Peer 1: 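First, the structure itself, so that you have it in front of you.
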Amino acid sequence: MKSWRSPSILFLLKITIAILAFVVIFFGLRKISFNVEVLSQLPPHLKDAQGLARLHKNFGVQQGLIITVKKRHGELEEEVPRGLAEFLQSRQDLTASVTWRNSLEDPEAIAELVAHSWINSNPAKFDAFIETLEPGNSEEKIATALEDLASGMLGEETFLTGYDPLGLGQRLTEAAGETGDGFGGDFAAPEGNFRLIKVQPAHAELMSYKQTIEWLDTMKRLSQNWLEQNTFFKDYRLGYTGEPAFVAEISQSMERDMTLSSIFTGVLVGALFWLFFRRLRPMLLLVALLALVLLLTISTGAFLSGSLTIMGVGFVAIVIGLTIDYGAVLLEGNPELDRSESPAEIRKRLGPPILWAAFTTAVVFLSLRLSNFPGIVQFGTMVAIGVTFGSLIMILLFAPVAAKASARKRINDSIPFPPPLREKRAVVLALAIFIAASGIFLVRGLPSFDPVFRPFQLKKSGAVDAMRGLQSAFEGGGKWSTYILWHPSEDRAGFPTHLEKTRSLLQEKQEAGEIDAFQLVDTFLPDVTNQEINLAKLDRLVGFRDRLAGELNESFAEEPIRFFQMCFDHWETLRNTDQGDLPVLPEAGGGARNLVDQTSSLQNGEINLMARVQHTEQFPSKTHPVHLGNATSGFGPASWGPLSEALQNEAKSDLRRMTIPVLIVLAAALLLIFRNVRDILLCLSSLILGFTLLAGILSLFSIHVNA
């Protein structure tokens with residue numbers, strides 16, 4: 001009867017590692033998500049990123065899908081964007097709102113904006129407005145309007161008087177005058193052959209990137225089918241851009257690239273392994289272990305951080321190259337041995353050097369956590385995790401197969417790898433490489449940096465093409481730059497002061513010739529304090545309705561009376577607002593709400609106000625943006641131009657700041673490993689030589705490096 005033997009420590013260690021690996025992979029893959037938000041990859045302290053981050057976070061309209069409608073020949077018929085927009089709006093399971101024209105082109109939206117602009121106004125101004133509608137005053141106002149119309153003078157003011165003789169839209173007219181022709185956003189290009197449709201997903205805040213991909217595919221299919229069913233519109237082309245389009249394209253590309261690169265790398269590694277070692281079983285096991293290392297790395301990264309950035313995932317294939325090196329060392333660690341080694345002997349002899357090599361690599365990559373760029377931080381962490389897993393898995397699981405394969409190889413007398421160069425030849429070759437690289441630098445110069453920041457730019461991107469077409473169609477408005485003013489919503493008393501400081505700064509810049517003009521309007525920003533006071537006055541205002549309607553009926557036709565009735569309908573609704581529902585906003589999904597969402601925001605604990613600034617040619621927006629305040633209460637650009645310039649400077653500063661600490665950490669790790677100055681200098685010299693060779697190749701083939 002055989003006596004029971006307790007399992008060895010190594011066996012228990014393998015079982016423990018297998019269980020831990022299963023747990024990490026199971027929970028990590030369940031939690032995995034791709035972070036394709038560009039702004040999350042940026043240094044959070046950059047002033048030029050703060051406004052842009054708030055634009056994407058707080059202005060819902062800016063995050064929607066933009067469908068571009070272009071006619072190749074001739075002028076675009078209005079029924080095309082209108083019909084497509086109405087069709088998409090009918091799919092309430094997919095869309096929350098669909099906008100195809102400026103809100104000020106919609107009379108109903110104008111009336112709702114008028115009503116809300118007054119309840120948000122200064123109470124003294126609202127009192128003065130109500131006073132103009134008192135008996136006697138309203139009659140005088142109507143008489144004046146009739147005189148202006150009878151004068152025969154044509155102009156914008158006369159047109160507005162005929163449409164709104166009581167001056168109900170006074171606040172709206174003032175706001176439109178301050179914001180110019182860009183008020184409410186441009187939807188139609190000046191040439192008349194291009195128009196935008198903005199679509200808000202029904203459940204944008206709940207959609208994962210996979211659901212975003214499905215939603216976008218559905219929108220494309222429905223829109224294209226609608227266009228094809230209307231044969232009259234065959235000359236039209238649709239494009240898709242905006243945040244959902246970019247999220248779908250980038251996440252799809254990340255998944256595809258990660259899958260294809262992993263498969264391709266695994267196949268290539270297997271082929272090379274077979275070419276050099278001619279062993280099928282070790283090759284298959286090695287490929288399986290590489291897949292395990294990748295799964296563990298990605299799962300652990302997702303488990304620790306919650307989401308993977310494009311940079312963190314994009315370079316995870318580096319782990320495959322490093323892990324295969326550890327396997328090759330185990331297989332060819334000492335080809336001159338004249339006897340077979342057991343797995344334990346191989347681990348004892350080759351385990352320490354592999355672990356020290358993995359330790360050095362992990363330490364260097366962990367040094368990338370000093371970077372200010374979150375993507376680079378995750379990249380360094382992922383590679384450090386990967387080489388740690390790779391070294392341990394190779395030593396524990398590949399060593400037995402390596403022992404058998406090495407024994408069989410020596411028995412079969414396979415062709416060994418060429419021996420390393422002798423010292424003198426190595427020195428000569430190193431000098432030759434250094435001289436050749438120096439010659440390239442003298443003739444071609446040092447490698448150049450690409451001065452243009454292109455976050456997540458894909459080789460082929462429909463979203464990028466549509467965005468370029470959009471920018472080209474609206475190039476006339478390119479002089480205006482978008483800015484955001486922000487302030488804590490809890491400190492509403494301090495907001496007017498901050499607003500005036502910003503206005504004063506912009507006026508100073510304008511007087512100094514640094515900017516040509518600016519638009520900073522808070523007309524539609526919900527003001528709880530003003531609303532509380534003004535809503536109590538609506539009973540008095542609505543009480544004038546029947547009398548004012550009778551006065552208008554005596555002198556005006558249907559259109560101004562209809563506008564009057566729509567304004568008072570909204571005031572009737574607003575006067576029943578409960579104080580607990582403040583601040584009150586226009587109805588969600590309507591044209592008025594779309595305009596409010598484009599100009600102001602009161603959410604996420606902040607007041608945000610959209611602004612536009614027109615820079616001069618001498619002080620362009622890219623290099624001379626306007627800043628005020630800090631991350632808590634400030635004013636800054638919300639466009640990629642200034643951010644691109646700031647990122648270039650930040651990247652170069654990041655590189656200079658990290659170089660010395662990384663070299664120090666590397667030298668310390670090498671000192672711990674070699675404990676010999678000569679070996680350390682030799683290792684560092686090899687690194688410098690490799691860097692010089694790489695720089696020479698980049699310069700020779702004119703390959704630009706993104707800073």
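None of these values were measured; they are calculated from a predicted model.
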Peer 1: Who are the salt bridge (charged side-chain N to carboxylate O under 4.0 Å, His left out) partners of D325, not counting sequence neighbours?
Peer 2: none
Peer 1: For S371 versus V377, what's the shortest heavy-atom pair and its separation?
Peer 2: O-CG2, 3.5 Å
Peer 1: Could you tell me which non-hydrogen atom of A362 sits nearest to which non-hydrogen atom of T388, and how far apart they are?
Peer 2: CB-OG1, 4.3 Å
Peer 1: Name all residues meeting the side chain to side chain donor-acceptor pair (under 3.5 Å) criterion together with T361; count only those two or more places apart in sequence or in a different chain, and write none if there are none.
Peer 2: none
Peer 1: How far apart are the closest heavy atoms of L506 and I515, and which atoms are they?
Peer 2: O-CD1, 3.4 Å
Peer 1: Which heavy atom in G386 sits nearest to a heavy atom in V293, and how many Å separate them?
Peer 2: O-CG1, 3.8 Å
Peer 1: List the residues meeting salt bridge (charged side-chain N to carboxylate O under 4.0 Å, His left out) with R657, not counting sequence neighbours, and say none if there are none.
Peer 2: D654
Peer 1: Could you walk me through whether I197 and T99 pass side chain to side chain contact (heavy atoms under 4.5 Å, CB included), step by step?
Peer 2: CA-CA 6 Å; I197 300 175; T99 310; over 6 Å; no
Peer 1: Determine whether a donor-acceptor pair (N or O, by modelled atom type, separation under 3.5 Å) exists between the side chain of S633 and the backbone of H487.
Peer 2: no
Peer 1: Using atom types as modelled and distance alone, determine if a side-chain donor or acceptor of T68 lies under 3.5 Å from a backbone N or O of G239.
Peer 2: yes
Peer 1: Rounded to the nearest 0.5 Å, what separates atom CZ in F365 from atom CE in M382?
Peer 2: 12.5 Å
Peer 1: Using 0.5 Å steps for rounding, measure from the CH2 atom of W356 to the CD1 atom of I673.
Peer 2: 6.0 Å
Peer 1: So do the side chains of T323 and V387 get within less than 4.5 Å of each other, counting heavy atoms only?
Peer 2: no
Peer 1: Are R369 and T381 close enough, and set up right, to give a side chain to side chain donor-acceptor pair (under 3.5 Å), and what steps lead you there?
Peer 2: CA-CA 7 Å; R369 293 187 65 85; T381 303; 2.6 Å; yes
Peer 1: Side chain to side chain contact (heavy atoms under 4.5 Å, CB included) for K509 and V613? Distances and angles first, verdict last.
Peer 2: CA-CA 10 Å; K509 295 284 185 182; V613 176; over 6 Å; no
Peer 1: For atom CZ of F619, is the number of surrounding heavy atoms from other residues, nucleotides or ligands below 6.0 Å larger than 12?
Peer 2: yes
Peer 1: Report yes if some heavy atom in the side chain of V199 is under 4.5 Å from a heavy atom in the side chain of Y240; otherwise report no.
Peer 2: no
Peer 1: With a sphere of 6.0 Å drawn around CD of Q618, does it hold more than 12 non-hydrogen atoms of other residues, nucleotides or ligands?
Peer 2: yes
Peer 1: Can you give each donor-acceptor pair under 3.5 Å made by side-chain atoms of residues 681-699, sequence neighbours left out, with the distance rounded to 0.1 Å?
Peer 2:
| residue | atom | partner | partner atom | Å |
| --- | --- | --- | --- | --- |
| S685 | OG | L681 | O | 2.7 |
| S686 | OG | L682 | O | 3.0 |
| T692 | OG1 | I688 | O | 2.8 |
| S699 | OG | G445 | O | 2.4 |

Peer 1: Indicate yes or no for a side-chain donor-acceptor contact from R503 to the backbone of L520 under 3.5 Å, with no hydrogens or angles considered.
Peer 2: yes
Peer 1: Write down the atom of S600, the atom of P526, and the distance for their closest heavy-atom approach.
Peer 2: OG-CD, 4.0 Å
Peer 1: For a side chain to side chain contact (heavy atoms under 4.5 Å, CB included) check, start with the C-alpha distance between F389 and V319, then their side-chain angles and the critical distance, and finish with the verdict.
Peer 2: CA-CA 9 Å; F389 281 135; V319 174; over 6 Å; no
Peer 1: Kindly write out the residues that satisfy side chain to side chain contact (heavy atoms under 4.5 Å, CB included) with P496, not counting sequence neighbours, or none if the list is empty.
Peer 2: none
Peer 1: Using the side chain to side chain donor-acceptor pair (under 3.5 Å) criterion, which residues pair with H615? Sequence neighbours excluded.
Peer 2: Y483
Peer 1: Spell out, as yes or no, whether a donor-acceptor pair under 3.5 Å connects the side chain of S367 to the backbone of V363.
Peer 2: yes
Peer 1: Please name the residue in the list L499, L602, T599 that meets the side chain to side chain contact (heavy atoms under 4.5 Å, CB included) test with L609.
Peer 2: L499
Peer 1: Checking T616 side chain against E514 main chain: does a donor-acceptor pair fall under 3.5 Å?
Peer 2: yes
Peer 1: Do you know the tightest heavy-atom contact between A517 and Q510?
Peer 2: CA-NE2, 4.0 Å
Peer 1: I'd like to check V383 versus F379 (side-chain heavy atoms, cut-off strictly below 4.5 Å). Are they in contact?
Peer 2: yes
Peer 1: Return yes if some donor-acceptor pair links the side-chain N/O of Q200 with the main-chain N/O of G64 below 3.5 Å, else return no.
Peer 2: yes
Peer 1: Counting only N and O atoms by type, is there a donor-acceptor contact under 3.5 Å from the side chain of W486 to the main-chain atoms of N630?
Peer 2: yes
Peer 1: What distance separates S438 OG from I433 CD1, expressed to the nearest 0.5 Å?
Peer 2: 11.5 Å
Peer 1: CZ of F373 to CD of Q378: how many Å apart, nearest 0.5 Å?
Peer 2: 15.5 Å
Peer 1: Can you tell me how far apart CE (M610) and CD (Q519) are? Round to the nearest 0.5 Å.
Peer 2: 11.5 Å
Peer 1: Can any side-chain N or O of H498 pair as donor or acceptor with the backbone N or O of T502 at less than 3.5 Å?
Peer 2: no
